[in-house]
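Naming: A, B, ... by sequence-line order, numbering from 1 per chain.
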Protein chains: 2
Amino acid sequence: MPSRLIVSRELADLLKLLAHADRLRLIEELRLGEKDVTSLAIALQLPATRVSQHLALLRAHRLVEERRDGRSHFYRLAHAHLADWILDALPFVDIRKRLGEADHIDTALALWGVPDPNSTH
Amino acid sequence: MPSRLIVSRELADLLKLLAHADRLRLIEELRLGEKDVTSLAIALQLPATRVSQHLALLRAHRLVEERRDGRSHFYRLAHAHLADWILDALPFVDIRKRLGEADHIDTALALWGVPDPNSTH
DNA sequence: TGCAAGTCTGCGACAATTTGCAGGCTTTGG
DNA sequence: CCAAAGCCTGCAAATTGTCGCAGACTTGCA
């Protein structure tokens, strides 16, 4: 019954794909909608070549989808909730890195334009 | 304002830590409660040394906590919802790997003893 | 047609991770 | 005290991932 092994391998592949600061920022950057490679490169202050390489990886695993318009290639998230799911991991980040700031998580969420859940009910 | 960069790096570190099939299986194995190293090694069919090395990593990032009783070292999840959050990622796994099985996700969940959410309401 | 903008892919050097093995530490039982 | 059980750490080889650069491809425009 190696099914659990197979599933854990697939999950590990997915997490490996996401385990890179630039790719995480790309995904969060696409939270609000599609963007082209140049815009993403400017927003993240990265060379367009590297952005393209990251997007190629995300695309190979079907996490983003591509649309071409003229010379530009626009990318969007294939799963609308992927960016949310990633931010759900913030509580698991080592507490020692969040020192001195009890509302660090909310601050981080606000940085990505996520409304504070504590103020919505 | 490099805060977003810092947060993305912390998240990437966390994901990197989780991006290993053995460590994922360890975490899922601890879902139901604490276990000692030998039990984990037997359950996962891995050499105890490797299990210990994986646990050391998870421990360094405060994802698991250790309790010593005699010669045995028992480990438990530091965050009760970590295992759940990981399984929430199953919908993002490349659809091509889930061929021919529409309820593959539920099957995977059942493999780890998670009750089917579709049958609870 | 020619050229530039925008993006992609291949390749090589460099960096990080994984894994088995050897040895060490602590506890239990005699 | 001594030996074995249970676990941990350090180290080196092998594997894997990253990143910059060079070159290619397509599209828009003159």
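Between the side chains of A:Ser72 and A:Asp69, no donor-acceptor pair of N or O atoms lies under 3.5 Å.
Distance, A:Leu57 CG to D:dC19 C1': 12 Å, rounded to whole Å. Rounding to whole angstrom units, CG of residue B:Leu55 and C1' of C:dT19 are separated by 15 Å. In this structure, A:His54 atom NE2 and C:dC8 atom P are separated by 13 Å, rounded to whole Å. Protein atom CG of A:Leu15 is 12 Å distant from nucleotide atom P of C:dT18, rounded to whole Å. What separates NZ of A:Lys16 from C1' of C:dT17 is a distance of 10 Å, to the nearest Å. The distance between atom CG of A:Leu58 and atom P of C:dC8, rounded to the nearest whole Å, is 12 Å. Atom-to-atom, CG of A:Asp36 to P of C:dC8 comes out at 10 Å; the value is rounded to the nearest Å. Rounded to whole angstrom, the span from the CZ atom of B:Phe74 across to the P atom of D:dA5 amounts to 18 Å.
Dashed line: the shortest gap from a side-chain N or O of A:Arg50 to OP1 or OP2 of D:dT18 is not under 4.0 Å. Regarding contacts with the backbone of D:dG6, every side-chain N or O of B:Tyr75 stays at 4.0 angstrom or more from both OP1 and OP2. Proximity of A:His73 to the phosphate of C:dG6: no side-chain N or O atom is located under 4.0 Å from OP1 or OP2.
Judged as a side-chain hydrogen bond (donor to acceptor under 3.5 Å, both in side chains), and not counting sequence neighbours, the contacts of A:Asp84 are A:Arg31.
Between A:Arg23 and A:His54 the shortest heavy-atom distance is NH1-ND1, 3.1 Å. Looking at every heavy atom in both residues, B:Leu15 comes nearest to A:Leu15 through CD2-CD2, 3.7 Å.
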Inset, instruction - Test A:Leu26 against A:Val64 for side-chain contact (heavy atoms from CB on, under 4.5 Å), laying out the working first. - result: CA-CA 10 Å; A:Leu26 278 174; A:Val64 299; over 6 Å; no
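Side chain of B:Trp85 to main chain of A:Trp85: a donor-acceptor pair is present (N/O by atom type, distance under 3.5 Å, no hydrogens or angles).
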Inset, instruction - Go along nucleotides 22-30 of chain D 5' to 3' and tag each nucleotide: B for a protein heavy atom under 4.0 Å from its base, S when only backbone or sugar atoms are that close, - otherwise. - result: -----BS--
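In summary, A:Glu29 and B:Arg4 engage in a salt bridge, as defined by a charged side-chain N under 4.0 Å from a carboxylate O. Using a 4.0 Å cut-off between charged nitrogen and carboxylate oxygen, B:Glu65 and B:Arg67 do not count as a salt-bridge pair.
No hydrogens or angles were tested; on distance alone, a donor-acceptor pair under 3.5 Å links the side chain of B:Gln53 to the base of C:dG20.
Using a 4.0 Å cutoff on non-hydrogen atoms, no part of residues 39-47 of chain B comes near DNA chain D.
With rounding to the nearest 0.5 angstrom, the CG atom of A:Leu63 is 8.5 Å from the CG atom of A:Leu77.
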